[in-house]
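Presented below is the structure to which this report refers.
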Amino acid sequence: KGQATITARAKYGANDSVLATYRLTVTPGVTSIAFVAPPSKLKSGESASLAVAILPADARQDVTWSTSSSRIVSVTSSGVVKGVNPGTATITATAKDGSGKKAVVKITVYRPVSKVKLNKTAGSLIIGKTVQLTATISPSNATSKAIIWTTSDATVATVNSKGLVTAIGKGQATITARAKYGANDS
């Protein structure tokens, strides 16, 4: 680690000023690169900034960014990724010091659900009876159509993973169908 000047002089030059110099700076090589809290998923159109930790601290601290598929995830020279189309791609940060050290992260891009609509919005049941709710999502080409069903009061009504509601006790309960991968998820 340090600096040196390398000088080449002509043995039989016209004078001592016939020379060429080269300034050399020596730094330690990168021993490791690791992503710092990278996203594992992005919505189509969503962007995020990537960061890496490079060791040792006095090694060259810059990297080259690349993507396995710019059709799925794009990456800028400053490490900003953007979800382009649904799918999975890897982003690689490669040390610019020539050490060959790399860090790789897999990012899945999805098209989120923007709306969930139920086939029924209200009703009543006798204890022990059931009603089947059906959720319709928009857009129809959302990557995942998974719905998470919940009840506001399990002592009044329960709901299973398919939207089947069972009346358990007297009272009122609200059944909610939420998109697992909605537009408002972060």
### Task
Could you pull out all residues at least two apart from Asn141 that satisfy side-chain hydrogen bond (donor to acceptor under 3.5 Å, both in side chains)?
none
### Task
Identify, with sequence neighbours excluded, every residue that meets side-chain hydrogen bond (donor to acceptor under 3.5 Å, both in side chains) alongside Thr76.
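Once residues adjacent in sequence are excluded, the partners of Thr76 under the side-chain hydrogen bond (donor to acceptor under 3.5 Å, both in side chains) criterion are Ser78.
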### Chi angles and distances behind the side-chain hydrogen bond (donor to acceptor under 3.5 Å, both in side chains) call for Thr166, Thr130
CA-CA 4 Å; Thr166 303; Thr130 62; 5.6 Å; no
### Task
For Arg71, check salt bridge (charged side-chain N to carboxylate O under 4.0 Å, His left out) against everything at least two apart and list the hits.
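Per chain and number, Arg71 pairs via salt bridge (charged side-chain N to carboxylate O under 4.0 Å, His left out) with no residue.
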### Partner residues of Asp62 under the salt bridge (charged side-chain N to carboxylate O under 4.0 Å, His left out) criterion, sequence neighbours left out
Arg60
### Message
I need the full list of side-chain hydrogen bond (donor to acceptor under 3.5 Å, both in side chains) pairs touching residues 146-165, with sequence neighbours left out, sorted by first then second residue.
### Response
Asp153-Thr155
### Query
Can you tell me if Thr92 uses its side chain to pair, donor with acceptor, with the backbone of Ser66 under 3.5 Å?
no
### Side chain proximity check, Ile107 to Ile91, heavy atoms < 4.5 angstrom
yes
### Query
Tell me, do Leu24 and Ile6 make a side-chain contact under 4.5 Å, heavy atoms counted?
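Touching, per the 4.5 Å side-chain cut-off.
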ILVMFWY clustering at 4.5 Å (side-chain atoms), partners of [X]:
X	value
Ile148	none
Ile126	none
Ile127	none
Val36	none

### Message
Just checking Gln172: does its CD atom have more than 12 heavy atoms from other residues, nucleotides or ligands closer to it than 6.0 angstrom?
### Response
no
### Task
Using the rule that two of Ile, Leu, Val, Met, Phe, Trp, Tyr join whenever any of their side-chain heavy atoms come within less than 4.5 Å, decide whether Val156 and Val131 are in one cluster.
no
### Message
Starting from Val84, can I reach Val105 by hopping between I/L/V/M/F/W/Y residues whose side chains sit under 4.5 Å apart?
### Response
no
### Task
Could you list the residues that satisfy side-chain contact (heavy atoms from CB on, under 4.5 Å) with Ile33, not counting sequence neighbours?
Val30, Val52, Ile54, Val63, Ala95, Lys101, Ala103
### Query
side-chain contact (heavy atoms from CB on, under 4.5 Å) with Thr5: which residues, sequence neighbours excluded?
Thr7, Thr21, Arg23
### Query
Which pairs count as salt bridge (Lys or Arg N to Asp or Glu O under 4.0 Å) when at least one residue sits in residues 119-145, sequence neighbours excluded?
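Output for this query is empty, none listed.
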